[in-house]
Asker: 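One structure, pasted below without further comment.
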Amino acid sequence: MENKENKSIKQKILLMFSGGRDSYLAACKLIEKGYFVHMITFDNGCTSNLKAVKSVAKTVIDHYGKDCAKFLGIWNTAWHKMMLDKNLQYMKPKDMITNYPELLPYEATCLCCRTSMYLVAIAYCKAMEIGYISEGARKQQGFFVELDDMKNRYEKLCIKNDIQLIWPVYEMESDTERKIELGRRGLLTKTLEPQCHIGRPQLHKLNEKEKESLSLYYDVEIKPYLKNIIQEDTLTMRRIIKKENSDKIC
């Protein structure tokens with residue numbers, strides 16, 4: 001499903017858009033490759049300053065034009081996260097130590113949250129017949145959800161749902177490089193990014209045993225539930241879209 005430049009009919013892609021500089025630059029790169037970018041922002045119920053995302057999305061649209069991008073608004077993922085992290089919250093310490101000896105709870109919470117975003121994104125794409133999803137993850141940042149371990153898992157999840165996952169800034173190594181990329185496009189190099197109050201700064205670079213425990217936690221405690229959630233979400237999305245279209249006709 002490789003996209004080509006200068007297509008008269010642009011391929012649609014759903015970009016998980018946080019309003020930060022990585023997803024900001026990702027939107028630019030996708031548009032320049034010929035995609036029509038649907039920017040969607042997620043609210044996990046514990047995020048502040050979400051209104052700032054609209055300003056960043058508007059900057060992208062104003063710079064490239066309404067025929068290149070649109071902002072879908074802010075979508076709630078709180079109940080998805082509650083479903084995915086219930087095992088983490090109720091697991092007894094002795095069981096956690098036995099099954100996932102090197103599990104870092106703050107990384108596991110982030111894993112549940114990011115996966116909940118993928119659930120909504122995939123359901124939206126299936127309902128709207130969009131074949132591509134993207135995000136602004138960068139491997140250099142070191143969070144588990146942005147390392148190859150989860151990159152590969154998210155790609156497989158998308159492929160199972162006939163969607164290709166695109167990573168426009170994944171290999172970008174420095175904030176300076178990102179600043180130069182935005183600056184040469186004539187764009188502001190800073191954004192007022194929303195803040196998640198669940199996430200925590202990393203204490204250290206993850207070692208192999210920690211990554212193994214997190215990978216296993218995803219495979220055992222999260223992955224088995226994803227298929228059914230996506231199916232239910234897709235049906236709900238289709239009903240919502242059908243109603244919205246009916247309202248427009250009326």
Asker: Looking at D219 and R153, does any basic side-chain N land under 4.0 Å from a carboxylate oxygen?
Answerer: yes
Asker: Taking E181 as the fixed residue, which of K179, R185, R178 is the one that meets the salt bridge (Lys or Arg N to Asp or Glu O under 4.0 Å) rule?
Answerer: R185
Asker: Decide yes or no on side chain to side chain donor-acceptor pair (under 3.5 Å) for H197 and S48, but give the supporting numbers first.
Answerer: CA-CA 8 Å; H197 301 292; S48 60; 2.8 Å; yes
Asker: Does any N or O in the side chain of Y124 come within less than 3.5 Å of the main-chain N or O of T234, such that one atom is a donor and the other an acceptor?
Answerer: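 Checked: no pair found.
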Asker: If every non-hydrogen atom of I40 is compared with every non-hydrogen atom of L72, which pair is closest and at what distance?
Answerer: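 Minimum heavy-atom separation between I40 and L72: CB-CD1, 4.1 Å.
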Asker: Can you establish whether the number of heavy atoms outside K223 located under 6.0 Å from its atom NZ is more than 12?
Answerer: no
Asker: Can you check whether D233 reaches K126 side chain to side chain, under 4.5 Å on heavy atoms?
Answerer: no
Asker: Are the side chains of N228 and Q231 in touch, meaning some heavy atoms are under 4.5 Å apart?
Answerer: yes
Asker: So does E212 pair up with K209, basic N to acidic O under 4.0 Å?
Answerer: no
Asker: Heavy atoms, side chains only, cut-off 4.5 Å: are F36 and Q11 in contact?
Answerer: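 No; the side chains remain at least 4.5 Å from each other.
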Asker: Roughly how far apart are I222 CD1 and L214 CG, rounded to 0.5 Å?
Answerer: 9.5 Å
Asker: Using the ring of Y24 (Phe, Tyr or Trp, six-membered ring only), decide whether K190 places NZ or CZ under 6.0 Å from its centre and within 45 degrees of its axis.
Answerer: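 Verdict for Y24: no cation-pi partner in K190.
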Asker: Would you find a donor on one side and an acceptor on the other, under 3.5 Å apart, between the side chain of T41 and the backbone of I74?
Answerer: no
Asker: Start with the C-alpha gap between Y90 and D85, add the side-chain angles, then the distance that decides, and say whether side-chain contact (heavy atoms from CB on, under 4.5 Å) holds.
Answerer: CA-CA 9 Å; Y90 289 114; D85 74 2; over 6 Å; no
Asker: Which heavy-atom pair separates N44 from A78 by the least distance, and what is that distance?
Answerer: O-CB, 3.5 Å
Asker: For a side-chain contact (heavy atoms from CB on, under 4.5 Å) check, start with the C-alpha distance between E177 and I180, then their side-chain angles and the critical distance, and finish with the verdict.
Answerer: CA-CA 5 Å; E177 184 182 353; I180 292 170; 5.7 Å; no
Asker: Charged N to carboxylate O below 4.0 Å: is that the case for K151 and D148?
Answerer: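 Judged by the 4.0 Å cut-off on N to carboxylate O distance, K151 and D148 do not form a salt bridge.
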Asker: So which atom in I133 and which in C125 form the shortest heavy-atom distance, rounded to 0.1 Å?
Answerer: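 Result for this residue pair: CG1-SG, 3.5 Å.
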Asker: With clusters defined by side-chain heavy atoms of hydrophobic residues (ILVMFWY) lying less than 4.5 Å apart, directly or transitively, does I130 cluster with L235?
Answerer: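 Looking at the clustering, I130 is in a separate group from L235.
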Asker: Angle between ring planes, Y154 versus Y118, binned at 30° and 60°: parallel, tilted or perpendicular?
Answerer: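 The arrangement is parallel - the two ring planes meet at less than 30°.
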Asker: For K211, does the NZ atom have more than 12 heavy-atom neighbours from other residues, nucleotides or ligands under 6.0 Å away?
Answerer: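 Enclosed.
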Asker: Can you tell me how far the OG atom of S116 sits from the CG atom of L84, to the nearest 0.5 Å?
Answerer: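 Result: 6.5 Å between the selected atoms.
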Asker: When rounded to the nearest 0.5 angstrom, what is the spacing between OG in S174 and CD in Q140?
Answerer: 7.5 Å
Asker: Look up atom SG in C158 and atom CD in Q164, then write down how far apart they are to the nearest 0.5 Å.
Answerer: 9.5 Å
Asker: Within the side chain of E210, is there an N or O that forms a donor-acceptor pair under 3.5 Å with the backbone of N207?
Answerer: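 Yes; judged by distance alone, with no hydrogens or angles, the pair exists.
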Asker: Are any side-chain N or O atoms of Y170 and backbone N or O atoms of E146, one a donor and one an acceptor, separated by less than 3.5 Å?
Answerer: yes
Asker: If you look at every heavy atom in L103 and A108, which pair is closest and at what distance?
Answerer: CD1-CB, 4.1 Å
Asker: M96 vs L88, test: side-chain contact (heavy atoms from CB on, under 4.5 Å). Steps then yes/no.
Answerer: CA-CA 8 Å; M96 184 177 291; L88 177 67; 3.7 Å; yes
Asker: For the residue pair Y225 and I230, establish whether any side-chain heavy-atom pair is separated by less than 4.5 Å.
Answerer: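 When only atoms from C-beta onward are counted, I230 and Y225 do not touch, as no gap falls below 4.5 Å.
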Asker: With a 4.5 Å cut-off on side-chain heavy atoms, are L157 and K160 touching?
Answerer: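 Side-chain contact under 4.5 Å: no.
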Asker: Identify whether I241 and V120 are in the same connected component of the hydrophobic contact network (ILVMFWY, side-chain heavy atoms under 4.5 Å).
Answerer: yes
Asker: Would you mind checking if R200 and E107 are paired as a salt bridge, meaning a charged N to carboxylate O distance below 4.0 Å?
Answerer: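 Looking at R200 together with E107, the answer is no, because their closest N to O distance does not fall below 4.0 Å.
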Asker: Side chains of V53 and F71: does their closest heavy-atom pair fall under 4.5 Å?
Answerer: yes
Asker: Quick one: does any side-chain atom of S23 pair with a main-chain N or O of S18 as donor and acceptor, under 3.5 Å?
Answerer: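 Checking the backbone N and O of S18 against the side chain of S23, a donor-acceptor pair under 3.5 Å is found.
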Asker: In terms of hydrophobic clustering (I, L, V, M, F, W, Y; side-chain heavy atoms under 4.5 Å; direct or indirect links), are L192 and M39 co-clustered?
Answerer: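 Shared cluster, no.
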Asker: Could you measure the distance from the OH atom of Y132 to the CD1 atom of I13? Nearest 0.5 Å is fine.
Answerer: 8.0 Å
Asker: Please indicate whether L188 has more than 12 foreign heavy atoms, meaning atoms of other residues, nucleotides or ligands, lying under 6.0 Å from its CG.
Answerer: no
Asker: Work out which heavy atom in M16 is nearest to a heavy atom in A121; give both atom names and the distance.
Answerer: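 Smallest interatomic distance, heavy atoms only, reads SD-CB, 4.0 Å.
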Asker: Would you check if the side chain of T109 reaches a backbone N or O of P105 as a donor-acceptor pair within less than 3.5 Å?
Answerer: yes
Asker: On a heavy-atom basis, which atom in Y106 and which in Q202 lie closest, and how many Å separate them?
Answerer: OH-CA, 3.7 Å
Asker: Is there a path of hydrophobic side-chain contacts, each under 4.5 Å between heavy atoms of I/L/V/M/F/W/Y residues, joining I229 to V145?
Answerer: yes
Asker: Among L187, V169, T59, V37, find the residue that satisfies the side-chain contact (heavy atoms from CB on, under 4.5 Å) test when tested with C28.
Answerer: L187
Asker: Go through it in stages, so that I can follow the logic: the residues are S215 and F144, the test is side-chain contact (heavy atoms from CB on, under 4.5 Å), and I'd like the CA-CA distance, side-chain angles, deciding distance and then a yes or no.
Answerer: CA-CA 9 Å; S215 295; F144 181 67; 3.4 Å; yes
Asker: Starting at NZ of K156, measure out to CE of M150 and round the result to the nearest 0.5 Å.
Answerer: 10.5 Å
Asker: For A52, does its backbone N or O pair with a side-chain atom of S55 as donor and acceptor, under 3.5 Å?
Answerer: no
Asker: Just wondering, do I163 and I122 contact through their side chains at under 4.5 Å, heavy atoms?
Answerer: yes
Asker: Could you check whether atom CD of Q89 has more than 12 heavy atoms from other residues, nucleotides or ligands sitting under 6.0 Å from it?
Answerer: yes
Asker: Do I198 and W79 sit in one hydrophobic cluster, given that two such residues count as connected whenever their side-chain heavy atoms are within less than 4.5 Å of each other, even indirectly?
Answerer: no
Asker: Hey, does the side chain of R138 reach the backbone of M172 with a donor-acceptor pair shorter than 3.5 angstrom?
Answerer: yes
Asker: Are the side chains of M91 and E221 in contact, using a 4.5 Å heavy-atom criterion?
Answerer: yes
Asker: For atom NZ of K86, decide whether the heavy atoms of other residues, nucleotides or ligands shown that lie under 6.0 angstrom number more than 12.
Answerer: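 It does: K86 NZ has more than 12 such atoms within range.
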